[in-house]
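To start, the structure under review is shown below, and the notes come after it.
All heavy atoms count here, side chains included; hydrogens, waters and symmetry mates do not.
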Amino acid sequence: MKVILVNERGGTRSFSFGGLSRALLGFCLLGLPVGAFLVGANLPVAESDVFDSRTAKAWSKALRKQQQQIDEADREAREQLTALTVKLAEMQARLTRLDALGERLTTVAKLDEGEFQFGSAPAVGGPEDPGIAGASELPYEPPEFLEAIGELSDQIADRQMQLNTLETLLADRQLQDEQFIAGRPISRGWMSSRYGYRTDPFSGRRTWHKGVDFAGKKGSDVVSVAAGVVTWAEDRYGYGQLVEINHGNGYSTRYGHNSELKVKLGDVVKKGQVIALMGSSGRSTGPHVHFEVYKNNRAVDPASYIRRTGR
């Protein structure tokens with residue numbers, strides 16, 4: 001075997017190999033690629049930039065954070081559910097109290113049976129709205145506890161409406177009772193002179209007496225026979241110390257000859273309230289109260305109102 005080498009200047013040089021030399025050279029030429037393959041197989045492979053250790057740590061951290069968020073959301077949901085359960089119990093207790101109060105007020109007010117229905121669901125109804133497509137087949141159904149809360153809210157609103165109506169009714173009735181003229185204008189004493197013609201105690205002539213007189217002990221209480229507003233509270237000719245009260249609906253009363261007044265102009269008085277003390281001021285022969293009742297600015301006989309009892 002002969003090998004010729006050529007240098008840069010074009011010169012040549014030849015080598016001759018025997019059989020053994022040719023075998024060694026062939027082995028070397030064949031062993032180079034095999035050795036390179038074996039060496040390359042044992043070299044470490046570089047990890048990918050996407051799946052390096054830092055990425056794995058970031059993923060692990062993100063997963064832990066998401067788990068914490070899930071746990072927090074679960075905790076908040078459980079707390080809200082507990083709060084809703086407590087609220088539901090409170091609403092049920094409130095509804096029970098409202099029902100009991102409504103039944104009691106209905107009994108006290110002596111209303112017709114069935115006029116106010118506490119403790120039963122309100123009657124409702126109405127035609128179906130054809131403009132809402134599929135209104136009878138809604139795809140969404142709320143959870144049971146939300147439906148229960150909604151029903152309780154509706155029931156409480158219904159009871160509240162009935163109670164408001166009942167309260168207004170009772171207030172009107174109480175106001176009417178307070179304004180209802182009835183009873184005597186004194187706490188102690190007796191009727192000493194009636195309404196109508198009588199002999200005048202000063203002149204001896206037959207004169208018209210447009211009220212009734214109640215005699216008693218000086219300083220005893222003079223009371224209002226109905227609720228109203230004081231329209232006069234001072235001295236007035238012939239009446240002495242006078243209290244006049246407007247009761248509304250065209251009614252007013254007068255209380256004359258008092259020794260001391262307990263109210264003043266513009267005061268709002270209640271039925272049975274002490275408004276003065278009995279005396280003998282003005283044109284009087286002794287301690288008494290001169291009591292008059294006016295209806296539409298005209299004096300009427302107080303006897304029918306004195307004999308009344310409260311409604």
Practice task
Flag the pair D200 / R283 as yes when at least one side-chain heavy-atom distance between them is below 4.5 Å, and no otherwise.
Solution key: yes

Handout entry: Contact check, side chains of E292 and Y239, non-hydrogen atoms, under 4.5 Å
Key = yes

Practice task
Kindly indicate, with the supporting measurements, whether the criterion side-chain hydrogen bond (donor to acceptor under 3.5 Å, both in side chains) is fulfilled by R198 and S193.
Solution key: CA-CA 8 Å; R198 69 171 185 176; S193 181; 2.9 Å; yes

Problem - Atom OH of Y237 with >12 non-hydrogen neighbours under 6.0 angstrom - result: no

Exercise for the section: Taking the side chain as every heavy atom from C-beta outward, state whether Y255 and V223 have any pair of such atoms under 4.5 Å apart. Expected result: no

Problem - Non-hydrogen atoms of G240 and S281 that approach each other most closely - result: CA-OG, 3.6 Å

Exercise for the section: On the 0 to 90° scale, with breaks at 30° and 60°, tag the Y305-Y251 ring pair as parallel, tilted or perpendicular. Expected result: perpendicular

Practice task
Using atom types as modelled and distance alone, determine if a side-chain donor or acceptor of W190 lies under 3.5 Å from a backbone N or O of S192.
Solution key: no

Problem - Close side-chain approach of I245 to W232, heavy-atom, < 4.5 Å - result: no

Exercise for the section: To the nearest 0.5 angstrom, please state how far the NZ atom of K264 sits from the CD1 atom of I275. Expected result: 14.0 Å

Practice task
Could you tell me whether a side-chain N or O of H288 sits under 3.5 Å from a main-chain N or O of G216, the two making a donor and an acceptor?
Solution key: no

Practice task
Is it possible for you to say whether V212 and I181 belong to one hydrophobic cluster, with membership spreading through side-chain heavy-atom contacts below 4.5 Å?
Solution key: yes

Problem - Residue pair I186 / M278, side-chain heavy-atom distance below 4.5 Å - result: yes

Handout entry: More than 12 heavy atoms from other groups under 6.0 Å of CZ on R75
Key = yes

Handout entry: Joint cluster assignment, V229 & Y294, ILVMFWY side-chain distance < 4.5 Å
Key = no

Handout entry: Over 12 foreign heavy atoms within 6.0 Å of CG, N297
Key = no

Handout entry: Polar side-chain atom of K271 near backbone of F180 as donor-acceptor pair, under 3.5 Å
Key = yes

Exercise for the section: Could you tell me whether R78 and D74 make a salt bridge, using a distance below 4.0 angstrom between a side-chain N and a carboxylate O? Expected result: yes

Handout entry: Aromatic ring pairing Y197/W208, orientation class (parallel under 30°, perpendicular over 60°, tilted between)
Key = perpendicular

Exercise for the section: Kindly compute the distance separating CD (Q69) from CD (E72), expressed to the nearest 0.5 Å. Expected result: 9.5 Å

Exercise for the section: Fit a plane to each ring of H257 and H290, take the angle between them on a 0 to 90° scale, and name the class: parallel (under 30°), tilted (30 to 60°) or perpendicular (over 60°). Expected result: perpendicular

Practice task
Decide yes or no for D235 and L242: does some side-chain heavy atom of the first lie under 4.5 Å from some side-chain heavy atom of the second?
Solution key: no

Practice task
Could you tell me whether E234 and R236 make a salt bridge, using a distance below 4.0 angstrom between a side-chain N and a carboxylate O?
Solution key: no

Handout entry: Side-chain heavy-atom pair L63, K65 within 4.5 angstrom cut-off
Key = no

Practice task
Please round to the nearest 0.5 Å and tell me the distance separating atom CZ of R254 and atom CZ of F291.
Solution key: 12.0 Å

Handout entry: Distance, nearest 0.5 Å, that separates CG of N246 from OG1 of T231
Key = 6.0 Å

Practice task
Kindly say whether S252 contributes a backbone atom to a donor-acceptor pair with the side chain of H247 at under 3.5 angstrom?
Solution key: no

Exercise for the section: Kindly indicate, with the supporting measurements, whether the criterion side chain to side chain contact (heavy atoms under 4.5 Å, CB included) is fulfilled by Q68 and I70. Expected result: CA-CA 5 Å; Q68 291 175 357; I70 292 174; over 6 Å; no

Handout entry: Nearest heavy-atom neighbours spanning A276 and V243
Key = CB-CG2, 4.5 Å

Exercise for the section: Mind listing the closest non-hydrogen atom pair of G204 and T199 along with its distance? Expected result: O-CG2, 3.4 Å

Handout entry: Donor-acceptor contact present, side-chain Q273 to main-chain K270, <3.5 Å
Key = yes

Practice task
Might you point out which heavy atoms bring Q241 and N258 nearest each other, and give the distance in Å?
Solution key: O-ND2, 2.8 Å

Problem - Heavy-atom check, side chain of V222 versus side chain of L277, under 4.5 Å - result: no

Completion exercise
G211 and P302 have their tightest heavy-atom pair at CA-CG, 4.4 Å

